[in-house]
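The block underneath contains the structure these notes are about, expressed in C-alpha cells.
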Amino acid sequence: MAKTIATRAENYSQWYTDIIKRAKLAEHSAVRGSMVIRPYGFAVWENMRDQLDRMFKETGHVNAYFPLFIPKSFLSKEADHVEGFAKECAVVTHYRLKNNPDGSGLMVDPEAKLEEELIVRPTSETIIWNTYRDWIKSYRDLPLLINQWANVVRWEMRTRLFLRTAEFLWQEGHTAHATREEAIAEAERMHEVYAQFAEKYMAMPVIRGTKSESERFAGALETYTIEALMQDGKALQAGTSHFLGQNFAKAFEVKFSNEENQEEYVWATSWGVSTRLMGALIMTHSDDDGLIIPPRLAPIQVVIVPIPKPTDELTRAAREIMDQLRSRNISVEYDNDDKSRVGFKFAEHELRGIPVRIGLGMRDLNQNQVEVARRDTKEKFFVPLDTLAETIENLLEEIQDNLYQKALDFRVQHTTYVDTMEEFESVIETRGGFVYAHWDGSKETEEEIKNRTKATIRCIPLDAPEEKGVDLISGKPSNRRVVFAKAY
RNA sequence: CGGGGUGUGGCGCAGUCCGGUUAGCGCACCGCGUUUGGGACGCGGGGGCCGCAGGUUCGAAUCCUGCCACCCCGACCA
C-alpha cells in the first residue's frame, strides 16, 4: 500500500489524524465527539498511567473512586466553578425507557423523571468535597492525599481525537491540608511531578509556570501549568495543578479542629492530566513516516523482523535474542507474519513508532550479526550478536535522550523575545511558537492581544528573571516577561 | 451556535447535474501459483436493504420533502 499519511507541511491536522488512525491508536466512534481508544493506543496510555501512578504513590498519595454522577445542586455551590463548567455538562434527567406507543423503538418514559437531575461529572471537586466533609474532623485527619483515575465528560462544541473529546480519561488528585502553605507546597509538588513525567518519560520539554487570572481553573486561586510546544508552533497545556484555597471547603462546609481546638476551613488542591497527553506525545515526536514513541512509553520497544520470511532457524535465533532482551526488561515482539514482505513490515513498524527494529536474516546471521535500525533517526547499522542486548539497552536510552533534545531544540528555535506589538504580530503570524513579552498584568492587554492575534498567555514562567520592560499594549511598566502562544 | 462539506461492501472513492439492463473502481479480505535484504505480481473468489423515513414515477443511489449522523473551519474549552 502506498503512503496514506498526509505530510506535516501539507496539512498538519490531517497528518495528526492520519497517524492516529493508521497507527491504530484510536478512531471516531458512533457517538459524537467520543472516540474509541484501540488496543495499541490504550497500551501507550496504560504506560503513562502506570508511571504516573507510581509517581503519585511515591509522593504519598492513594487511589479511590467517586461517583460518575453529581447532583445538580452540588455544582452550584462554588460560584466560579459553576460558571466554568455549566455550559458543557451532560445531564441525566430520567431513569427509564419504554416502547413507543406506535411500536417504533424506544422513548424516554416521562413518568421516570428524576427528582433532582444528575450531572455526568466534568470534574469531581464537588462530589469529593462533599464527601471530605465527613472524613475530615481533626488536624489529625490531614493531609488527605487522594487520587482518582476516571472518565469525565465535557460537552465540547468541537472535538479532536485525544486533544479534546466529549468523554476523556484522566486522573484527578484532590488533597486537603491544614494550612495554606502546605496546600501550596502540594500544588507545586504535583506540578513538578507532571513536569518530570513529561520530560523524563514523554521526552517532551515543558515550560513550568502559573496561569494568568483569566486562564485559571474555575474555582482556583492559583493554577500551575506545564506548557509544551507542538511541531506546528502551537502550544498545548499538558497538565495543571491548582491551589484552591478554602473555596471548596467553604462551599461544602469542610472544617477541622486544629491543635488549639479551634475550627478552621480546610485548604485544598486538585491536579490532573488526561488522555490529551497522548495527543501531546504524537505531536511532539512523530514525523511524516508515522508515529514515534519514546522508548520509556513504547508498548513494544523492539521488533524483530525475520528476513525475508520466518524460518525455523531464524525463529530460533529470534527467541534467543528475545530472551536476552527480556531479561533486561526490554519489551520485544517477533514479527512472524509469513505473508507480508519485509519492505511492507519495515514501513508498518515505522508507522507504529516502534523505537528499534532488528533485521534478522541469514546473510548477517552467518557473520554473527544483525541489522539494527532506530526509528528516530532512521539510521541502520550492524551489531554483533554477542553485544546485542547491551547495545539495544543503551540505544533505547540514547533514543529517549535524542527525542527530548530534538524537541528541546525545536522549542528553542521557536521561542522569540519581542518588545513591540508589530514584532509580536509578525512572529505569531509567521513562525508561531512561544513568544516572550512584557505584560503589565492587566486583563485588558491580555484580551486585546487575544483579539488581535489569537495568541493567549500560556503562563507566567516560574523561572522568569526579573527584567524591566513595558507592556506591549498599555506601555505600562512590567517586571518580567510572560509566555504567549496560540494554543490548542 | 454560525459557515462549509460528506453519508454508496471493512477503508478510500466514482456514479447523482441529465432516473433506465446484473451499482463500478482502488486498497483490504479469502484461495492457488510465482516472488521475497525497503510498501511484490498474476489468476480466481466472497462481500452492498446506495445514512433513515416518506413521496413522485412503469422504473429512484440518481428527482422532491423531512429527519439523522459524522467531518472540517470559526466562537467556547483540559
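Every chain is numbered from 1 and lettered A, B, ... according to where its sequence line falls, protein lines coming before strand lines.
By the salt bridge (charged side-chain N to carboxylate O under 4.0 Å, His left out) test, E425(A) pairs with R452(A), sequence neighbours left out. In this structure, the salt bridge (charged side-chain N to carboxylate O under 4.0 Å, His left out) partners of R38(A), at least two apart in sequence or on a different chain, are E27(A). Residues passing the side chain to side chain donor-acceptor pair (under 3.5 Å) test with T93(A), sequence neighbours excluded: none. The salt bridge (charged side-chain N to carboxylate O under 4.0 Å, His left out) test applied to E172(A) returns no partner, not counting sequence neighbours. Under the salt bridge (charged side-chain N to carboxylate O under 4.0 Å, His left out) criterion, E398(A) pairs with R374(A), sequence neighbours left out.
Within residues 302-321 of chain A, the residues having any heavy atom under 4.0 Å from RNA chain B are, by residue number, I307(A), P308(A), K309(A). Of the residues in residues 351-365 of chain A, those placing a heavy atom less than 4.0 Å from an atom of RNA chain B are R357(A), G361(A), M362(A), R363(A), D364(A), in numerical order. Near RNA chain B, defined here as any heavy-atom distance below 4.0 Å, the residues from residues 161-172 of chain A are L163(A), R164(A), T165(A), F168(A), listed numerically. A heavy-atom distance below 4.0 Å to RNA chain B is reached by these residues of residues 146-156 of chain A, ordered by number: R154(A), E156(A).
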Show me the donor-acceptor pairs within less than 3.5 Å that the side chains of residues 354-370 of chain A make with the rest of the protein, sequence neighbours left out.
{"from": "R357(A)", "atom 1": "NH1", "to": "E350(A)", "atom 2": "OE2", "distance (Å)": "3.1"}
{"from": "N366(A)", "atom 1": "ND2", "to": "M362(A)", "atom 2": "O", "distance (Å)": "3.1"}
{"from": "Q367(A)", "atom 1": "NE2", "to": "R363(A)", "atom 2": "O", "distance (Å)": "3.3"}

May I have the list of side-chain donor-acceptor pairs in residues 160-167 of chain A shorter than 3.5 Å, sequence neighbours left out?
{"from": "T165(A)", "atom 1": "OG1", "to": "E167(A)", "atom 2": "O", "distance (Å)": "2.8"}
{"from": "E167(A)", "atom 1": "OE2", "to": "N151(A)", "atom 2": "ND2", "distance (Å)": "2.9"}

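At a cut-off of 3.5 angstrom, the base of G38(B) holds no donor-acceptor pair with the side chain of E348(A).
Regarding contacts with the backbone of C73(B), a side-chain N or O of S13(A) is found under 4.0 angstrom from either OP1 or OP2.
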Its dot-bracket string being built from Watson-Crick and G-U pairs below 3.5 Å, with | for another strand and [ ] for crossing, RNA chain B has the pattern ((((((((.[[[[.)....(...]]]].((((((.....)))))).....[[[[[..)....]]]]])))))))....
